Amino acid sequence: MVHMKLLTNAIHIDRQVNQIRNERFHNNLRIGNRPSPPPRLQELKAQHDQLLAQKAELEAILSQRRIELASPEVVRQYVDDLHQFIDTSELTERRVVY
C-alpha cells in the first residue's frame, strides 16, 4: 500500500513538473528572451527544482524497496492450512477456494 502511494506521488510530481515546463515554455514564447526572468518564472523555476528533488527522493525510496519472499516454513504453514480446510470443508466451501 505504501509502495502504491509513493508511486502515485511520483506520478503526480511528474505531471506537475511537465505542467511547469509547459508554463515556462509558453511564458518564454510570450515574453521573448529577457536578460532576467520575471518573478513568476523565477517562482516556477524554484518550484520546478523543488519538485524534481522530491521526485528524485521518491525514486530513490522506490528503488530501495525489495520484495521479501516468504520463508519455506511460512509457505508450508499456508499449504497445511489449505489442505486442512479442503479436507474438512463441505463441497460448496471447496468450490469457493478454486
Side-chain angles (χ1 to χ4, degrees):
M1 190 61 148
V2 172
H3 177 70
M4 185 59 106
K5 185 172 180 164
L6 290 174
L7 186 58
T8 302
N9 286 345
I11 291 170
H12 179 70
I13 288 171
D14 199 41
R15 286 182 181 158
Q16 286 181 319
V17 166
N18 287 333
Q19 180 181 358
I20 289 170
R21 282 183 183 151
N22 288 337
E23 284 184 41
R24 286 173 55 193
F25 176 76
H26 291 292
N27 282 338
N28 282 335
L29 285 178
R30 185 173 48 88
I31 62 173
N33 291 333
R34 288 188 172 179
S36 65
R40 176 67 180 143
L41 286 181
Q42 291 174 353
E43 291 172 17
L44 287 173
K45 170 90 170 94
Q47 185 180 7
H48 179 259
D49 293 342
Q50 180 184 10
L51 288 171
L52 285 177
Q54 288 177 351
K55 180 181 175 185
E57 183 179 329
L58 288 173
E59 287 174 344
I61 290 170
L62 288 174
S63 70
Q64 293 173 1
R65 297 190 53 85
R66 301 287 181 245
I67 296 175
E68 295 181 22
L69 300 176
S71 68
E73 296 82 25
V74 171
V75 173
R76 172 56 52 200
Q77 287 175 342
Y78 285 126
V79 170
D80 291 343
D81 287 344
L82 186 57
H83 277 291
Q84 182 182 5
F85 172 76
I86 290 171
D87 292 340
T88 61
S89 63
E90 297 292 324
L91 179 61
T92 54
E93 291 174 326
R94 288 186 210 164
R95 292 186 70 152
V96 171
V97 173
Y98 295 109

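Model, not experiment: these values are computed from the prediction. Nothing fancy with the numbering, it's 1 onward along the sequence.
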Response to the item:
Closest non-hydrogen atoms of L51 and I13, given as atom of the first, atom of the second and distance, are O-CG2, 3.3 Å
Discussion item. Nearest 0.5 angstrom please: Q16 CD to K55 NZ, how far?
Written reply: 11.5 Å
Discussion item. Less than 4.0 angstrom from a charged side-chain N to a carboxylate O is my criterion; do R76 and E73 meet it?
Written reply: no
Worksheet entry | Spacing of CG belonging to L82 relative to CD1 belonging to I86, to within rounding of 0.5 Å | 4.0 Å
Response to the item:
So CG of D80 and CD of Q77: to nearest 0.5 Å the spacing works out to 8.0 Å
Worksheet, complete the sentence: Separation between CD1 (I20) and CG (L52), nearest 0.5 Å, reads 8.5 Å
Worksheet item: Rounded to the nearest 0.5 Å, how far apart are CZ of R40 and CD of Q47?
Response: 7.0 Å
Discussion item. I'd like to know if F85 and V75 are part of one continuous hydrophobic network [Ile/Leu/Val/Met/Phe/Trp/Tyr, side-chain heavy atoms within less than 4.5 Å].
Written reply: no
Worksheet item: For E43, does the CD atom have more than 12 heavy-atom neighbours from other residues, nucleotides or ligands under 6.0 Å away?
Response: yes
Fill in: Euclidean distance, H48 NE2 relative to N18 CG, rounded to 0.5 Å
8.0 Å
